[in-house]
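These notes are about the structure you will find just below.
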Amino acid sequence: MWEFTSPRTIVFGENALEYLKAVEGKRAFIVTDKVIKKLGFADKVAGYLEEAGVKTEVFDGVETEPSAENVMKGAELARKYCPDWFVGLGGGSCMDAAKAIWVLYERPDMEVAAINPLEKLGLRKKARLICIPTTSGTGSDATWATVITDVKDCRKMELISREIVADIAILDPELPKSMPPRAVGDTGLDALTHAIESYVSQWRNDFSDGLAIKAIQMIFKYLPRAYRNPEDKEAKEKMHNAATMAGMSFGNSQAGIAHAMGHSLGAIFHVPHGRSVDFFLSYSIEYSAREAMQRYADIAREIGIEAKTDEEAVKKLVEAIRKLEREVGAPASIKEWGISRQDFEKRLDELVTRAANSSCTFMNPRVPDVADTRKLIIYAYEGKKVDF
Ligand SMILES: [Zn+2]
């Protein structure tokens with residue numbers, strides 16, 4: 001038996017935000033950050049909710065890669081306000097924070113680290129969740145995971161519960177128009193990594209497969225356009241939808257070693273999530289192909305690559321990914337991005353241990369041991385072709 005969990009309602013397309021005018025409730029607690037507030041999005045969301053007769057309060061204190069302390073502070077304010085809606089507005093950090101704040105609001109007896117698939121949280125007794133992404137990549141609006149940083153331990157906690165999925169996801173293509181090109185590239189490549197890792201995951205299933213393939217096709221087609229021209233409405237909308245589809249897909253299968261190593265690099269060197277996972281995507285394919293040749297070849301053929309053998313298809317897929325990365329300005333290796341060899345070597349043991357222990361590692365089609373994880377991280381640092 002298998003279960004597919006996704007938001008109950010996904011509102012998308014032009015003017016999707018206006019859906020808020022019809023939301024029923026009393027008080028909404030909008031969880032966002034200072035940048036999004038400054039762009040006027042929080043006021044816009046609040047304005048629509050007030051038209052629906054819902055009072056609002058904005059918490060704009062979400063930090064990039066939110067910590068447990070940050071989330072506790074938000075929950076304390078929420079408890080004073082007593083909302084019946086939470087609205088996660090922003091990139092992955094804001095939506096992940098909204099999920100965690102919501103849990104702590106309904107369950108003041110709990111610590112955020114205790115969120116896990118086996119724990120019955122009993123949410124929705126007091127409030128429900130709306131997620132509104134302003135970037136096109138994380139898919140957090142569609143997943144039942146939240147990533148919270150444990151500052152003391154310099155560790156990213158990947159916390160999972162089917163209960164924390166949003167009730168409503170609103171994908172308005174107007175919002176990601178404000179993303180700078182670098183963020184368009186990074187978040188778009190994150191979405192691509194979600195979809196590819198999902199398609200080859202050991203937990204893949206018919207439902208996650210369909211969403212993954214469609215998202216991959218859309219990302220290859222529209223990401224370069226969205227990167228080059230923020231006014232390209234069609235490309236922006238397609239990328240926004242593709243990111244959520246990829247989120248629904250990997251949320252119901254699992255990410256793989258590009259995420260395991262990316263989370264580790266991100267926590268230690270403070271690399272933005274999209275960029276850190278992308279550093280490892282092509283290397284993870286070269287490494288994993290031995291165990292998932294047919295699956296990667298499927299992906300290659302679905303994006304129009306012609307090849308006589310599966311091996312050739314996979315080789316061309318890796319080339320196509322590297323070409324796409326160059327088109328959207330992603331550095332070819334971690335070294336090129338600017339982490340010095342000395343800093344890298346000093347933290348290498350830690351990078352390896354964290355990646356090897358990540359839950360994402362175990363669902364990868366080929367599960368690397370500690371020695372292979374170390375080699376892979378070094379190869380990604382150097383930008384070397386994986387040959388083991
Ligand atoms: Zn990701």
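Atoms within a ligand are numbered from 1 in the order they appear, just like the ligands themselves. Atoms considered below: every heavy atom in the structure, side chains included; atoms not considered: hydrogens, waters and symmetry mates.
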Q) Within 45° of the axis and under 6.0 Å from the centre of the six-membered ring of Tyr105, does NZ or CZ of Lys126 qualify? A)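 So Lys126 does make the cation-pi contact.
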
Q: Only counting residues at least two apart or in another chain, list the ones meeting ring pair (Phe, Tyr, Trp, His ring centres under 6.0 Å) with Phe362.
A: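 For Phe362 there are no ring pair (Phe, Tyr, Trp, His ring centres under 6.0 Å) partners, ignoring immediate neighbours.
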
Pair [X] and [Y], ring centroids less than 6.0 Å apart:
X: Tyr283; Y: Tyr379; value: no
X: Phe250; Y: Tyr199; value: no
X: Phe388; Y: Tyr287; value: yes

Q. Any ion pair linking Asp209 and Arg204 (charged N to carboxylate O, less than 4.0 Å)?
A.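 Asp209 and Arg204: not salt-bridged.
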
**Q.** Proximal protein heteroatoms (N, O or S) of the Zn ion (ligand 1), under 2.8 Å
**A.**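 The answer is Asp190 OD1, His194 NE2, His259 NE2, His273 NE2.
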
